[in-house]
Structures are given as structure tokens and as C-alpha cells.
Amino acid sequence: MERIFWIIVLVTLVGCGGQHSEQSAPEAGTKQQTVRLVTDMAVADPARALTTIDSIEQKGTLATYDVNALRALVYHNGLQQYRLSSYYGEKAYRDSAFLADDPAGWLDNLEVLVNHCLSEKRCADGLRYAHRGVEVAREKGLYRKEAKYLFYTGLFKVESEGTSDGYAPLHQAISLMEQHLGPKPGYAEADDLIYIIGMTMNVMTRRDDTAQAIELTPRLLRALRLLEQAPDATEEVIDMRRAMTYAQLAGNYAKAGRRNEARHYEQLCGETAFSQSPFGTLLLSDQLLATGQHQRLLEQMQQALSLFGEDHNLRIDIFTVKRQTYEAMGNSKMALAMADSIIAEKDSARAQSLRDDAIQLTKIYEVEEKDALIARHQSALTLHRIVTAFVVAVALLLAFILWYGWYQRRVIKRKNKASADTIREMLRYKEQSEIASSASPEAAETAAEIAAETAAESVADAAAAEKAEAAPLAEELLFRRLDQLIKNKRLYANPKMTRADVAAAAKVPQYQFATLFQTYTGLSYKDYMTNLRMEYAAQLLRDNDNLSVGGIANMCGYASRQAFYNQFTKKYGLTPIEYKESLT
């Protein structure tokens, strides 16, 4: 949902920034004018932006690091070719002259690399970049940029640690930005503040900390008022930000169950012109889901497919919203269909990513080869040697790509084989233990009953020392009977069997039921049953070549193939298909 919400910012800015790029490219003037020109064209017309950068490079009007930083920006914002963007961004980042000559520009380039890490969830690299950004911005007294890198630090901490510890730098970023805003800031400053607060609220609501997100509402509204007063903000941009802000607040209050406030902000959003646009119809997705307006939400998601249907990641988000909607409607059939669509879309996204990476690697090679050609030309090398070197390098690159793909497949296959061997050994040990422990189940059950009766009599008549000794033995025998019943009758594979049914079948008092599992297995009843299901699934996959994964999921008590996939992968570190293939 977050990606759907913020993609609107990018797409609508094409209309706002594109007004500048429609004019014919002027002769390069000051550095600021040139950078602004290319930045405006980056999203609206990336091909033209790259052509302009090539012209700038030929004329030598900007430093090499500026040219690399501009290319990184265009490949990231306009073409979403992140490998190429990272390539040029890293070249600019490592140029020591860039930081010395233009710290603000260096930090802008670093932000492109940070956003690349966010899109690929490379938290370790992202945190390293963000910490460096904070250091440089603080040293140079660039408070707005320091706030932005504190914000990125918080995002990466929340993503990597999975805790709310990242909230602290997020709050620091907001406070620092507010502290250094003047009474009438410009559009860019106010918009940055809106973005940071809005994204912080998104992070909190995604972690179900909606109450904390709602606490930021007054600060978000204040930032919106500052934007409305900015002298360089157009009415179009102000209207868009109003719509997005009110929609976000409506969704937050709806999730918190505060319907009156949610309706209030929904009404304010509906009064904006932007909410009536094709992009604006997506703004209230959270609100519609929380308030049960399912049919309207499904219609909007279908419209979103036609708008953003070429982007695999956005399609995954849209299918996810549709699955949540169908689940809320109780339509399990369509919810499962959406889950299958999500899996298929992820597979397509991975395949597309591999193709894009190959294309971008080739492009990177071409750039590097171009530099090499220039150097060889300056050294007066012959055309024959140039062509030969080019062909050899292409062959090496293709060979490397093929080798790397083969190597990666071998690494994954070895990892899966090792995991499968571990599972197989675990199952063998478990089966041997069960054979040994089940040699005389009738005697064990009789002993448990006798021990239970003895313990009961000792409660009434025996001394305190005798009671302390008999009770644990009776409990242990009672758990053994319960454990044998569950395993022998495979109660774990029956999704209709409740814990009350199991307790009744084993004649175990309800007050002892949960304690027995925690005492003798160290697990809750739910985790104990899940482990048995997964072990049973591994056995079926090992021993039955003719059974499908979906059939095995049903035999283990899972109605959802996706839920079975997720649980098996979480338990063993590889999917059922990978496990089955590793057994051959």
C-alpha cells in the first residue's frame, strides 16, 4: 500500500516538473541552471536528459563528478535502472574532489544511492551511506540534509532490526527539520517536511503502531499549512499535497477505529481536485479497507492495474490489496487466486530483474569500453586492436555472465542439498526414536493410568514428600499418553481438531493441557502441532513422488498452499519444491 501511495508523488511530479523540460534546452549557463534543467527532464523525458548530459560532457561545461551524478539521477528517477544508477552514483561518490568542491551536490548524489538501497532492501549498505550523510551534513552545517539522512537512518534501522528502535532517529529528523524552518519556508523545505512526517507515519502504521502515527497529525497539518503559504508553491502541487495528507490521516484514523475523524479527513480529501483524478482515486485505499467499502476498493485496484500495470512490484502490491479485500469479504476462493497471482508476479519480477541486470551489465561494459577506446585512441592504437579488444571483452563478459549464473545455481543447489540432508537425518532420528518409544504403547498407557490413580490417592492420603515425588511422574506419563495419541492418530493433520477435542480425547484436564506441552517440550501447543505438521510434510515429500505439493499441503491440514509454503520455508529454510528436488 505504501508503494502505491507514494508512486503518486513521482507520477504527478512529471506534470509539475515537466513544464520546465518542455522548453528547448538552453545553452549551459551556471551549474545550478544546468543541474535544474536535467533534473526536471529526468522523469518527464529521461532519454532527452541523457542526450543533454552527453552534450554537456562533450563541451566540458561540468566536472566529471557532476556528469556522473546527473546520470545516476536520470537512471534512478527516470528509467529505474538501478544497477546503472548505482554504477554512476558510486563513481561520483568516490570522487574526493566532489565532496571538497560541492558538499551539497555530493549529498544529493548520495541520496540516490540511499534510495537505491531502500528499493533493494540493502539495509547494511543503506545504513553505511546514511551515517556518512549525517556526518558530512552536520560537519558542513546543512541541517535540512542532516535531517533527511537521520530519516533514512531510521528507515533502515526499522527495516533491518524489525523493532521500533528506529523511531528515535525518525523523530530527530522531524524535530531538526522543524527547528531550522523559517516562518515562511519555500516549497522544497515544506515539502521535505511533509514527506518525512508522512513516511514516518507510514512506517508506524505498517508496524501497527497507529496510535503513535496519529500523534504526529498536528505536525503534519502544520507542515501542510507551511506549504500552502510557500510563495513558490503552485496551486496544483498544494492541492495534491492536501489530498495525500487528508487521505493518509483518514486511513490512520480508520485503522484506529476513530470513524468520526476518519470521515472528516475523507471528506476533506474528497473536496480536492486531485482526488477526482485517476491517481487520486487510489488515495483512500486504507480507509476503504478499514471501513468495509470492499467493492469500491476492488474497482479502484482494477483501475490501478491499467495505470501501473507494467510495474511488477506495483502489481504485487495491488494484488496484495485485492487479496486482503477478498479475505475481509470472506471470499476465500478469490483470496487464494490473488495469492497465486502474487507468487506468479514475483516469479515474473525475478525473471525480469535478471534480464534487466544482464542488459545493464552490458551497458556498463559499453561505458567502460568507451572510456577504454578513448584512452587507446589517445595512445594511437590501431582500429584492429580496438575491435579485437572489444570482441574479446564482450566474449569474456558473456562468459562471466554464464559462469556466474552457473556458479550461483551450484551454490543454491549445494545449500538446498545440505538442508535436505539435514532434514532427512532429522526425520531418520525421529523415526528411530518413535519405533523405540512405541514398542509397548499398551503398557505405557496402563502405567500412566495406574500412576495417575496412585497420584490421586496420594493427594488424599500420602505425606507431603510422597505427593511431591508422585505428581511429576504422573504428569510425565500423562503427557506421554497425550503425545502418543496425537502422533499415532495424526491429530495434527486434522484442522478441525481443536485443542479442547485433543484434551478430551486424551482425558487430560483443560487446566493441565497447556502446562504439559510447555513443561515437556518447551513449546506452546500451537508450535508443537506445527512442528509435527512440518515433519509429516517432509516425510510425505521424501516418500511420495506421485503427490503434488498442493495435495501434501491438504494432507497436512493446510487449506492454503501459500500458508503451507511459508511455514515450510520458515521451518527448514527452503521451499517444498526445492526440498523435493534436492532429494533426487
Side-chain angles (χ1 to χ4, degrees), residues 6 9 31-32 35-36 39 65-66 69 72-73 76-77 86 89-90 92-119 122-161 164-204 212 215-216 218-220 222-224 226-227 230 232 241:
W6 288 104
V9 180
K31 174 180 174 177
Q32 291 77 12
V35 170
R36 175 61 183 272
T39 302
Y65 54 73
D66 284 322
L73 181 70
H76 188 277
N77 289 356
S86 180
E90 282 285 348
Y93 173 72
R94 293 195 181 100
D95 194 328
S96 58
F98 195 4
L99 178 57
D101 297 343
D102 184 7
W106 185 88
L107 287 167
D108 288 338
N109 175 72
L110 181 60
E111 189 172 358
V112 174
L113 296 176
V114 168
N115 278 287
H116 188 195
C117 293
L118 278 174
S119 66
R122 291 193 289 113
C123 297
D125 289 339
L127 273 173
R128 176 169 57 84
Y129 286 140
H131 285 316
R132 180 61 175 146
V134 171
E135 291 174 358
V136 171
R138 188 171 292 162
E139 177 187 343
K140 303 298 182 180
L142 301 170
Y143 301 108
R144 266 184 63 203
K145 296 188 183 299
E146 180 186 347
K148 292 186 78 171
Y149 283 103
L150 281 171
F151 163 72
Y152 289 127
T153 299
L155 288 186
F156 285 118
K157 285 179 70 67
V158 171
E159 185 69 34
S160 60
E161 298 172 4
S164 58
D165 292 344
Y167 291 175
L170 293 175
H171 284 296
Q172 291 173 19
I174 296 171
S175 298
L176 184 62
M177 185 75 78
E178 290 175 333
Q179 177 184 349
H180 291 280
L181 280 180
K184 288 188 177 181
Y187 156 73
E189 293 89 345
D191 199 51
D192 279 347
L193 180 58
I194 290 176
Y195 175 76
I196 290 176
I197 298 175
M199 285 296 291
T200 298
M201 296 173 83
N202 272 344
V203 169
M204 292 175 174
Q212 292 193 54
E215 290 177 1
L216 293 173
R219 300 169 83 171
L220 181 60
R222 178 178 176 273
L224 179 61
L226 290 174
L227 179 71
D232 55 340
R241 284 292 185 262

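None of these values were measured; they are calculated from a predicted model.
Using cut-offs of 30° and 60° on the angle between ring planes, the pair His76 and His116 is perpendicular.
Here the closest heavy-atom approach between residue Ile194 and residue Ala223 is recorded as CG1-CB, 3.7 Å. Among all heavy-atom pairs drawn from Leu155 and Leu170, the shortest one is N-CD2, 4.0 Å. The two residues Leu220 and Gly198 come nearest to each other via the heavy atoms CD1-N, 4.3 Å. Here the closest non-hydrogen pair linking Ala69 and Ala92 is N-CB, 3.9 Å. Heavy-atom minimum distance, Thr153 versus Ala130: OG1-CB, 3.4 Å. Between Ala147 and Ala173, the shortest heavy-atom distance links the atoms O-CB, 3.1 Å.
Take Asp66 and apply the side-chain hydrogen bond (donor to acceptor under 3.5 Å, both in side chains) test, not counting sequence neighbours, and it matches Lys31. Contacts of Arg138 classified as side-chain contact (heavy atoms from CB on, under 4.5 Å), with partners at least two apart in sequence or in another chain: Val134, Glu146, Leu150. Among residues two or more places apart in sequence or in another chain, the ring pair (Phe, Tyr, Trp, His ring centres under 6.0 Å) test is passed with His171 by none. The side-chain hydrogen bond (donor to acceptor under 3.5 Å, both in side chains) check on Tyr167 picks up Arg207, Asp209, with sequence neighbours excluded. For Arg128, the salt bridge (Lys or Arg N to Asp or Glu O under 4.0 Å) partners at least two apart in sequence or on another chain are Asp125. Residues that satisfy the side-chain hydrogen bond (donor to acceptor under 3.5 Å, both in side chains) test with Tyr149, not counting sequence neighbours, are absent from this structure.
Judged by distance alone, the side chains of Tyr65 and Asp101 do bring a donor and an acceptor atom under 3.5 Å apart.
Atom CG of Leu113 and atom OH of Tyr93 lie 8.0 Å apart (nearest 0.5 Å). Glu159 contributes atom CD, which lies 8.5 Å from atom CG of Leu118 (distance to the nearest 0.5 angstrom). Leu227 contributes atom CG, which lies 10.5 Å from atom CD of Glu189 (distance to the nearest 0.5 angstrom). Here the straight-line distance linking atom OH of Tyr195 with atom CE of Met177 works out to 11.5 Å at 0.5 Å rounding. Taking CG from Leu216 and CD1 from Ile196, the interatomic distance works out to 12.0 Å, rounded to the nearest 0.5 Å. For the atom pair Leu127 CG and Lys157 NZ, the distance stands at 7.0 Å (nearest 0.5 Å).
Counting heavy atoms from C-beta on, the side chains of Lys145 and Asp108 come closer than 4.5 Å. Counting heavy atoms from C-beta on, the side chains of Arg219 and Ser175 come closer than 4.5 Å. You'll find the side chain of Phe151 stays beyond 4.5 Å of the side chain of Ile174, heavy atoms only.
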Report task. Start with the C-alpha gap between Lys140 and Trp106, add the side-chain angles, then the distance that decides, and say whether side-chain contact (heavy atoms from CB on, under 4.5 Å) holds. Result -> CA-CA 12 Å; Lys140 303 298 182 180; Trp106 185 88; over 6 Å; no

Report task. Go through the steps to decide whether Leu107 and Glu111 satisfy the test side-chain contact (heavy atoms from CB on, under 4.5 Å), and finish with yes or no. Result -> CA-CA 6 Å; Leu107 287 167; Glu111 189 172 358; over 6 Å; no

Query raised in the report: When you look at Cys117 and Tyr152, which way does the side-chain contact (heavy atoms from CB on, under 4.5 Å) test go after all the steps?
Result: CA-CA 10 Å; Cys117 293; Tyr152 289 127; over 6 Å; no

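Put simply, the side chain of Asp232 never gets that close to the backbone of Gly186: no donor and acceptor are under 3.5 Å apart.
Annotation: Arg144, atom CZ; neighbour count of heavy atoms from other residues, nucleotides and ligands within 6.0 Å is above 12.
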